[in-house]
Number of protein chains: 2
Amino acid sequence: MKLSTKGRYGLKAMFDLALHYGDIPIPLKVVAERQCVSENYLEQLIAVLRKAGMVNSVRGAQGGYVLAKKPEQITVGDIIRVMEGSIAPLDCVKEGEAVDCIQFEHCVSRNVWLRVRDSITDVLDTTTLADMCREAEGLKNKEQGTRKTLEP
Amino acid sequence: MKLSTKGRYGLKAMFDLALHYGDIPIPLKVVAERQCVSENYLEQLIAVLRKAGMVNSVRGAQGGYVLAKKPEQITVGDIIRVMEGSIAPLDCVKEGEAVDCIQFEHCVSRNVWLRVRDSITDVLDTTTLADMCREAEGLKNKEQGTRKTLEP
DNA sequence: ATAATCCCTAGTTAATAACTAGGGATTATT
DNA sequence: AATAATCCCTAGTTATTAACTAGGGATTAT
């Protein structure tokens, strides 16, 4: 039960845009470097996010990407749904899809997976990019405060 | 973020053994037929469960498998951990493993995945095979009660 | 005019999932 | 003792997918 790099990198990219949220667009090259991801690959991934209306792009020199909404208004769940197609540990518990389920045994398992899915979406839908930024800020401060020695 | 058939079928098999829990061992052939799974494939999967001590096997004619513990004492989490190797949406949040995490951004994402993992394990570790059997019983009764017409 | 950017699509590679196949070992039943 | 039913083991096979790489065209600030 693993998340693919689509979801992971998609979140990384969006988080990066959130951390540097402002008026000027951020070139993907910069995002890719900061997040240690192949630029070409990230291009493909952010295209999905753009088509879903989650980021806006500015073409040409000095162009780049900006979040289409404020970090407070974008949840991790939004991003993962777009990148992974759905949030579901199994196809039979995809959100908003009818399933034909004959065996009652099957349905009992399915109930378990439904509960799992709901617990996942609960976490993802209550975490915004702004929350992550706040958390990053906290981590940074903590790090600076406690850090004694560190390689240069 | 999908569960593989290992976890799914493994749970199906264990659930089947729980539903028919008793003194006599159940041949895998029967389990495979009831759960609509390839017997050969299921053999490989149940071998994992056997090596983990979750089922006992009886060889020879009239042989088969029995749960090593009572259905109340086996959680879905136990089964999934054995079948999938771990419960984690990402490798960096595997239970009981240290991770080297340099970038603080990375860690923020990781915190999200940690919370996801915990919410998943919470569901899986609080659901036993006995719970599933009870639920199955409930479904069966409900079905009989409300059923009007159904293909023969 | 140039360089920096986004945009698009078609490969490629490696790993993995999900089996299939088949033969050996053990044991209850006849 | 023979047979059939079972578990046990390992080595393929196939198809799909993930995770990129590569490269060229369109747009726009400088």
Side-chain angles (χ1 to χ4, degrees), chain A residues 1-13 16-17 20 23-68 80 83-86 89-91, chain B residues 1-13 16-17 20 23-68 80 83-86 89-91:
Chain A
M1 187 156 50
K2 292 281 173 292
L3 199 75
S4 73
T5 52
K6 283 178 201 160
R8 248 162 67 210
Y9 293 178
L11 178 58
K12 270 170 172 259
D16 194 280
L17 293 179
H20 304 90
D23 291 334
I24 55 166
I26 305 186
L28 202 58
K29 194 182 178 186
V30 174
V31 175
E33 270 167 12
R34 271 198 295 245
Q35 300 297 328
C36 302
V37 180
S38 143
E39 189 188 345
N40 269 338
Y41 187 40
L42 200 54
E43 243 176 19
Q44 292 171 33
L45 302 187
I46 207 156
V48 178
L49 291 162
R50 182 176 46 82
K51 280 165 191 164
M54 306 194 69
V55 292
N56 295 323
S57 63
V58 180
R59 305 182 74 175
Q62 307 301 101
Y65 292 91
V66 274
L67 296 182
I80 299 301
M83 295 310 298
E84 302 275 327
S86 68
L90 283 180
D91 282 341
Chain B
M1 187 157 50
K2 291 280 173 294
L3 199 72
S4 73
T5 53
K6 283 179 199 158
R8 245 162 70 209
Y9 292 179
L11 178 58
K12 270 171 172 256
D16 193 280
L17 293 180
H20 304 90
D23 292 332
I24 55 166
I26 305 185
L28 203 58
K29 193 183 178 185
V30 173
V31 175
E33 270 167 10
R34 270 199 295 245
Q35 301 296 328
C36 303
V37 180
S38 144
E39 190 189 345
N40 269 338
Y41 187 40
L42 200 55
E43 245 175 18
Q44 293 171 31
L45 302 186
I46 207 157
V48 179
L49 291 162
R50 182 175 48 79
K51 281 165 189 163
M54 306 195 66
V55 292
N56 295 323
S57 63
V58 179
R59 304 184 73 173
Q62 307 301 103
Y65 292 91
V66 275
L67 296 181
I80 299 302
M83 295 311 297
E84 302 275 327
S86 69
L90 283 181
D91 282 341

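Throughout, a chain's letter reflects where its sequence line sits, starting with A, and its residues are numbered from 1.
Side-chain nitrogen and oxygen atoms of A/Tyr9 include none within less than 4.0 Å of the OP1 or OP2 phosphate oxygen of D/dA19. Neither OP1 nor OP2 of C/dT16 sits under 4.0 Å from any side-chain N or O of B/Ser4. Within the 4.0 Å cut-off from OP1 or OP2 of C/dT5, not a single side-chain nitrogen or oxygen of A/Ser57 is found. Contact annotation: A/Tyr41 does not reach the phosphate of D/dA22 (side-chain N/O to OP1 or OP2, under 4.0 Å). Proximity of A/Arg50 to the phosphate of C/dC7: a side-chain N or O atom is located under 4.0 Å from OP1 or OP2. Between C/dT20 and B/Ser38, a contact under 4.0 Å exists linking OP1 or OP2 to a side-chain N or O. Neither OP1 nor OP2 of D/dA18 sits under 4.0 Å from any side-chain N or O of A/Thr5. OP1 or OP2 of D/dA19 has not a single side-chain nitrogen or oxygen of A/Lys6 nearer than 4.0 Å.
Annotation: of the two residues near DNA chain C, A/Gly60 and A/Ala47, the 5′-most nearest-nucleotide partner is A/Gly60.
Pairing of D/dT21, defined by two Watson-Crick or G-U wobble distances under 3.5 Å, is identified with C/dA10. Shown here, D/dA5 forms a base pair with C/dT26; the pair counts as Watson-Crick or G-U wobble because both key distances fall under 3.5 Å.
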Intermediate values then yes/no, side-chain contact (heavy atoms from CB on, under 4.5 Å), B/Ile46 and B/Arg50
CA-CA 6 Å; B/Ile46 207 157; B/Arg50 182 175 48 79; 5.7 Å; no

May I have the step-by-step check of side-chain contact (heavy atoms from CB on, under 4.5 Å) for A/Met54 and A/Val48, ending in yes or no?
CA-CA 9 Å; A/Met54 306 194 69; A/Val48 178; over 6 Å; no

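Within 4.0 Å of B/Lys29, counting heavy atoms only, lies no atom of the nucleic acid at all.
Remark: side-chain polar atoms of B/Gln35 are not paired, donor with acceptor, to backbone N or O of B/Ala13 under 3.5 angstrom.
The only member of A/Leu67, A/Val55, A/Leu17 that meets side chain to side chain contact (heavy atoms under 4.5 Å, CB included) when paired with A/Leu49 is A/Val55.
The shortest side-chain heavy-atom distance between B/Asp91 and A/Lys2 falls under the 4.5 Å cut-off.
For C/dT20, its base sits under 3.5 Å from the side chain of B/Gln44 at one donor and acceptor pair at least. Between the base of C/dC8 and the side chain of A/Glu43 there is a donor-acceptor pair shorter than 3.5 Å.
With C/dC6, D/dC8, D/dT21 as the choices, the nucleotide that has an atom nearest any side-chain atom of A/Arg59 turns out to be C/dC6.
Counting to the nearest Å, the C1' atom of D/dG23 and the CD atom of A/Glu39 are 13 Å from each other. Summarising the geometry, the separation between CD1 on A/Ile24 and P on D/dT30 is reported as 12 Å, rounded to the nearest angstrom. Regarding B/Asn56, its CG atom lies at a distance of 18 Å from the P atom of C/dT26, rounded to whole Å. In this structure, CG of B/Asn40 is placed 16 Å from P of D/dT14, rounded to the nearest angstrom. Rounded to an integer number of Å, the gap from CG of A/Leu42 to C1' of D/dA22 is 16 Å. If you take CD1 of B/Ile46 and C1' of D/dC9, they are 15 Å apart, rounded to a whole angstrom. Rounded to whole angstrom, the span from the NZ atom of B/Lys2 across to the P atom of C/dT16 amounts to 19 Å. Atom-to-atom, CD of A/Glu33 to P of C/dA4 comes out at 13 Å; the value is rounded to the nearest Å.
The line from CD of A/Glu43 to NZ of A/Lys29 is 12.0 Å long, rounded to the nearest 0.5 Å.
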